[in-house]
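Numbered from 1 within each chain, the chains take letters A, B, ... in sequence-line order. Note that the coordinates shown come from a computational prediction; the quantities given were computed from them, not determined experimentally.
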Protein chains: 2
Amino acid sequence: MDKYDQILLRELLANGRASFAELARKVNLSAPAVAERVAKLESSGVITGYQAQVDLSKIGLPIQCVIELRLAQHGNQKAYDDLTQIPQILECYRVTGDSCVFMRAAVGSMPELEVLIDKVARLGFSKTSIVLSSAIEPRVPLEQLSR
Amino acid sequence: MDKYDQILLRELLANGRASFAELARKVNLSAPAVAERVAKLESSGVITGYQAQVDLSKIGLPIQCVIELRLAQHGNQKAYDDLTQIPQILECYRVTGDSCVFMRAAVGSMPELEVLIDKVARLGFSKTSIVLSSAIEPRVPLEQLSR
DNA sequence: AATGAAAACCACTACGG
DNA sequence: CCGTAGTGGTTTTCATT
């Protein structure tokens, strides 16, 4: 993970569809050299994939929320499986502290939100906060890179 | 946003670097037709970009946390600007409820986490939970698409 | 591990349906 | 709005350094 790889990572975070030729111009290497480096970043697991970023409000999901959940039975794998099955949940993290799970979800309407909350609440005590705005869209810090 | 667009979106969420030719084979359209549709999804704001997905633990950031923050002075734009300047914060949402802000962050070590918490705590009352595992990696539900 | 060259592939444009 | 065809750029492989 030298300086070239760092620049490539930064560029692919900013534009995941950048061509190898484009990337090659940024780092002053040949396209084959860049392709090989990116392939290595992928096979070593640093880059796990590429994803289009979608404006949720433009696909009928204008309401976002954060849900904290304290599971009724702690360490219950089935509960996580149940949560995974709910498509409205965008992210889901098991955490330390008195909440067991943090989630972010998106729904199309308040009735849908109500259904979602009911579904989640079956698994334990939940607390839902509506997202008003996001100050930071999902990003990755590359300042202090190691390895 | 017809059935073709839905498939294209789904494919670009799964593989943001898929070529137009590849996408064309999935939807049984010609490559130029696909390129035009994708360009339209981009210009209409449905697709806001493409991003490489990175394994944070592989770039020296093995510890993730969720931070709830109750701002000392509510409705303080400067506080959000301050948070934006902290590179370790990956996502940041202003929400309703008694926490004002929800964040997810990644750090390289416990001392770094301590520094981060101190920085955030200057802005109000904060509560930090360490992420143990993630049941759902950032995804987008495309089941019930509208518009 | 990078370069340069060649073949295969892909993207873009224009035109026609 | 889609398909076909032509052109130019890009990816990929391979031999070379």
Taking it one step at a time, do Gln6(B) and Asp2(B) satisfy side-chain hydrogen bond (donor to acceptor under 3.5 Å, both in side chains)?
CA-CA 6 Å; Gln6(B) 292 181 32; Asp2(B) 59 6; over 6 Å; no
Roughly how far, to the nearest 0.5 Å, is CD of Glu68(A) from CD of Glu68(B)?
4.0 Å
Calculate the interatomic distance between Glu36(B) atom CD and dC15(C) atom C1'; express it in whole Å.
14 Å
Tell me whether Arg10(B) forms a cation-pi arrangement with Tyr4(B), defined as NZ or CZ under 6.0 Å from the six-membered ring centre and within 45 degrees of its axis.
no
Nucleotide range of DNA chain D lying under 4.0 Å from chain A heavy atoms
dT10(D) to dT13(D)
Okay, side chain of Arg94(A), backbone of Ser134(B): is any donor-acceptor separation there less than 3.5 Å?
no
Is it true that the side chains of Gln85(B) and Tyr80(B) contain a donor and an acceptor less than 3.5 Å apart?
no
Between protein and nucleic acid, restricted to nucleotides 10-13 of chain C and to nitrogen or oxygen atoms under 3.5 Å apart, what atom pairs and distances do you find?
residue : atom : partner  : partner atom : Å
dA11(C) : OP1  : Phe20(B) : N            : 3.0
dA11(C) : OP2  : Phe20(B) : N            : 3.4
dA11(C) : OP2  : Ala21(B) : N            : 3.0

Least distance between heavy atoms, Ile47(A) atom then Ala52(B) atom:
CG2-CB, 4.4 Å
Under a side-chain separation threshold of 4.5 Å, the hydrophobic residues clustered together with Phe102(A) are Val66(A), Tyr93(A), Val95(A), Val131(A), Val66(B), Tyr93(B), Val95(B), Phe102(B), Val131(B)
Taking the six-membered ring of Tyr50(A), is the NZ or CZ of Arg17(B) close enough (under 6.0 Å from the centre) and on axis enough (within 45°)?
yes
